[in-house]
Amino acid sequence: SLEVNKGEVDAIIGPSGGAAAAIGPGPSPRRRATSSTATVGPSRPDRTRDPTVTRQAGATHHPSLEGVRAFGAAIVFAFHFLGQTNPSWLRGVWSDWRTQLGPQGVAIFFAMSGFLLFRPYAAALIDARRWPGLRAYAARRALRVVPGYWLALTVCIVVFGVATIHGPGDAAVLFGLVQNYREGWALVGLGVTWTLVVEIAFYVVLPAFAAVLRPLVQRCSTPQAAVAVVIAAIGAVEVAALALRRSEEHTSELQSQFRI
């Protein structure tokens, strides 16, 4: 008990002074050095105290994106609601405006998915953090999409008859979320879920894309060089996607002109 009281007194009034010297020694040199080191020199930024990022249930949550998410959801809702109700004022330029709402809202959600899902891989590539596990990544993506989609699709088929399934092949296409790849089936079943097919394709490609980047980034001598490699790779993918889309549009034009 006396030993503890000495330490408490030394911690409060310090090792200098008559009372402290009479009672016993002050803090250990190791404690003193630690204390001095903590107060001298530049402080490193505390990532855990970033007001735009919080930790919830082991995952990274970005409150700053909630407004963007709500805005995208409102755009998509307005697109479908106005399309179903078809108000009298929705003519001319307003009709063209409504037509653009859907693609813009979907693009917002795709951009958010790209940012949130690639961020752990970017941290692993640039900051040399732990590489995201493929099994955990696949399980989280599947649990986020599949149960709700299967339930909604089953209810809508049984109760509302949104689709007629002829055999296991049709069921595999709809429940396997590959309807976009079957001609004429993109809007069969739950028509709005064509975006899920695109999203799942992104889920599949993303880890492979990051794995291809990994050996390239490991050769970089500085974080700035690693960032440049990642940005250049993303830009190259975007250019290739735009070129492929333009090629498909040109092919469709030729087919319509020559009735191929």
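Along the sequence shown, the residues carry numbers beginning at 1.
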Can you tell me how far CG of Asp170 sits from OG1 of Thr164, rounded to the nearest 0.5 angstrom?
9.0 Å

Can you find a heavy atom in the side chain of Trp94 that is under 4.5 Å from one in the side chain of Thr99?
no

Membership question, hydrophobic clusters at under 4.5 Å side-chain separation (ILVMFWY): are Phe209 and Leu116 in the same one?
no

Which pair of heavy atoms, one from Arg182 and one from Gly169, lies closest together, and at what distance?
NH1-O, 4.1 Å

Pair Leu82, Asn86 - check side chain to side chain contact (heavy atoms under 4.5 Å, CB included), show working.
CA-CA 5 Å; Leu82 294 175; Asn86 194 25; over 6 Å; no

Taking the side chain as C-beta and beyond, is there a heavy-atom pair between Val76 and Gln104 under 4.5 Å?
no

Got more than 12 heavy atoms from elsewhere within 6.0 Å of CZ, Arg144?
no

With rounding to the nearest 0.5 Å, note down the distance linking OG in Ser113 to CZ in Arg141.
7.5 Å

Considering non-hydrogen atoms only, spot the tightest contact between Val230 and Phe118 and give its length.
CG1-CE2, 3.7 Å

Can you tell me how far apart CZ (Phe81) and CG (Leu101) are? Round to the nearest 0.5 Å.
13.0 Å

Against the six-membered ring of Phe79, is Arg98 placed for a cation-pi contact (under 6.0 Å from the centre, within 45° of the normal)?
yes

d(Glu66 CD, Arg69 CZ) to nearest 0.5 Å is 5.0 Å

If only atom types and distance count, is the side chain of Asn180 paired as donor or acceptor with the main-chain N or O of Trp194 below 3.5 Å?
yes

If I take atom CG from residue Leu125 and atom CD from residue Gln218, how far apart are they, to the nearest 0.5 angstrom?
8.5 Å

Which heavy-atom pair separates Cys220 from Val229 by the least distance, and what is that distance?
SG-CG2, 3.6 Å

Pair up each side-chain donor or acceptor in residues 148-162 with any protein partner under 3.5 Å, not counting sequence neighbours, and list the distances.
residue, atom, partner, partner atom, Å
Tyr149, OH, Leu174, O, 2.7
Trp150, NE1, Phe175, O, 2.8
Thr154, OG1, Trp150, O, 2.7

Report whether Leu65 and Phe71 are members of the same hydrophobic cluster (ILVMFWY, side-chain heavy atoms less than 4.5 Å apart, transitive linking).
yes

May I ask you to decide if Gly92's main-chain N or O and Ser95's side chain share a donor-acceptor pair within less than 3.5 Å?
no

Any ion pair linking Asp96 and Arg91 (charged N to carboxylate O, less than 4.0 Å)?
no

Identify the two heavy atoms, one from Ala226 and one from Val217, that lie closest to each other, and give their separation to 0.1 Å.
CB-CG1, 3.5 Å

Contacts of Phe115 meeting ring-ring contact (aromatic ring centres under 6.0 Å, His included) (sequence neighbours excluded), chain-then-number -> His62

How far apart are the closest heavy atoms of Ala233 and Leu213, and which atoms are they?
CB-CD2, 3.3 Å

Side-chain heavy atoms nearer than 4.5 Å, only ILVMFWY residues, links allowed to pass through others: does that put Leu196 and Val146 together?
yes

For Trp131, all residues meeting ring-ring contact (aromatic ring centres under 6.0 Å, His included), sequence neighbours excluded:
Tyr121

Can you measure from CZ (Phe110) to CZ (Phe202) and round to the nearest 0.5 angstrom?
10.0 Å

Mind checking whether Ile200 and Tyr137 sit in one hydrophobic cluster, side chains of I, L, V, M, F, W, Y counted as touching below 4.5 Å?
yes

Within one Ile-Leu-Val-Met-Phe-Trp-Tyr cluster: Leu177 and Val188, side-chain cutoff 4.5 Å:
yes

